[in-house]
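Everything below concerns the one structure shown next.
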Amino acid sequence: MRVAIATDGEERSSNVAEDIGHAPFFIVVDTDTNECFSIRNEHAGGSHGIGMTVAKELSSLNLDAIIVGGIGPHGYKILIQAGITVASDEEGPAEKALEAFLRRHG
Amino acid sequence: MKIVVASGKGGTGKTTVSVNLALVLGNCTLVDCDVEEPNCALFLGDMKVHQDVILMEPAFDLDRCTYCKECADFCHYHAIAVIPPESLLFFRELCHPCGGCAIVCQHQAIGESPRMIGDIRRGEFGGVTLYDGQLKIGEPLAVPLIRKLNALDDGDGVFIYDSPPGTSCPVVETLQGADYAVLVTEPTPFGLHDLKLAVDVVKNAGLPLGVIINRDGVGDDGVERFCEEQDIEILLRIPESRQIAELYSSGNCLVQDMPDLARSLRAVYTRIQEVVG
């Protein structure tokens, strides 16, 4: 499974970001191989519809799921339409949130 | 001549001033642009539907669509999302129907379909012709309806436009084509805070303006001092008055029962004429 976690930093110990649009980074983890890499969110400083812009870009990353603190209704619809499972209201270290997510969806 | 009666804060007396100014002038057109809750008619009487207001929104022909994203990339309001491989979402509530998506589409996959967003009503009350706009419940865009109301000003005679509250797009649209803005405020810190915002908007629009202080006698002298500092003319002070509150709350206009106020409003109009020239 390929999971992206919206985060405040580049480490797996970084906290889950509060908002998908303004998240500084996304950490993408392949849960089968445990390989991971991070992407800097170029739109983090933006406004107006930023969550949708980010959701559109994430929807082309071949993801199965995304873990985030908050997401707006339009960004949510875009990700769901792209077949991505959205786990929102998440917080704390990214790796803990991922573990909890995998226990629920493993 | 187009006079816009605006405020920053809601509930300061825009409608009271607009309706009563129209009545003392007679032979004029009053236009209620507060399309989310038009209320001039409450004080004047029955209205009849004058015209429906239709918006053209994009209609997608998915048989022709190649999901190339040209339309989605063009739309600054993010109203279209193309999701690979073959999925398209249209967020109607975000669309500001500009027609741009249909123009940029290379595959003739986007047409237009009509959507009724509200209507314009009309009523005759003595010499005053009242128009108001009613936005349908759930419609997110007030501006297209206000634009239709703006088009009623044919430059012939006096038009008084009762603006929505606030300082955002609906107010800016109402101010288009105006000759003068009357800002109604109350002499309180809240009134002053929003008056400052409204003054900025009107000055940005390059319009002459004057202030009417409603419920004069309550609050503090902040508005007076601000107007003095900014060299803004105070056109009228309407006193805090139980008589006004009673007339208003029973749906009555003020000027029939308050000849002094009628005279003052006529003087306000004369002053506006002098300024506009």
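Values below: all heavy atoms of this structure, side chains included; hydrogens, waters and symmetry mates excluded.
Of all non-hydrogen atoms in A:Lys56 and B:Ala72, the two that sit nearest each other are NZ-O, 4.0 Å. The two atoms that bring A:Ile78 and B:Ile83 nearest to each other are O-CD1, 3.6 Å, heavy atoms only.
The local environment of CD in B:Glu36 is sparse, with at most 12 non-hydrogen atoms from other residues, nucleotides or ligands closer than 6.0 Å. In the displayed structure, B:His107 atom NE2 is contacted under 6.0 Å by more than 12 heavy atoms of other residues, nucleotides or ligands. Sparse packing is recorded around CD of A:Glu18, with 12 or fewer heavy atoms of other residues, nucleotides or ligands lying under 6.0 Å away. Shown here is B:Leu62, whose CG atom has more than 12 heavy atoms of other residues, nucleotides or ligands within 6.0 Å.
Contacts between A:His74 and chain B at a heavy-atom distance below 4.5 Å involve backbone atoms as well as side-chain atoms.
Remark: A:Lys77 NZ to B:Phe91 CZ distance equals 6.0 Å, nearest 0.5 Å.
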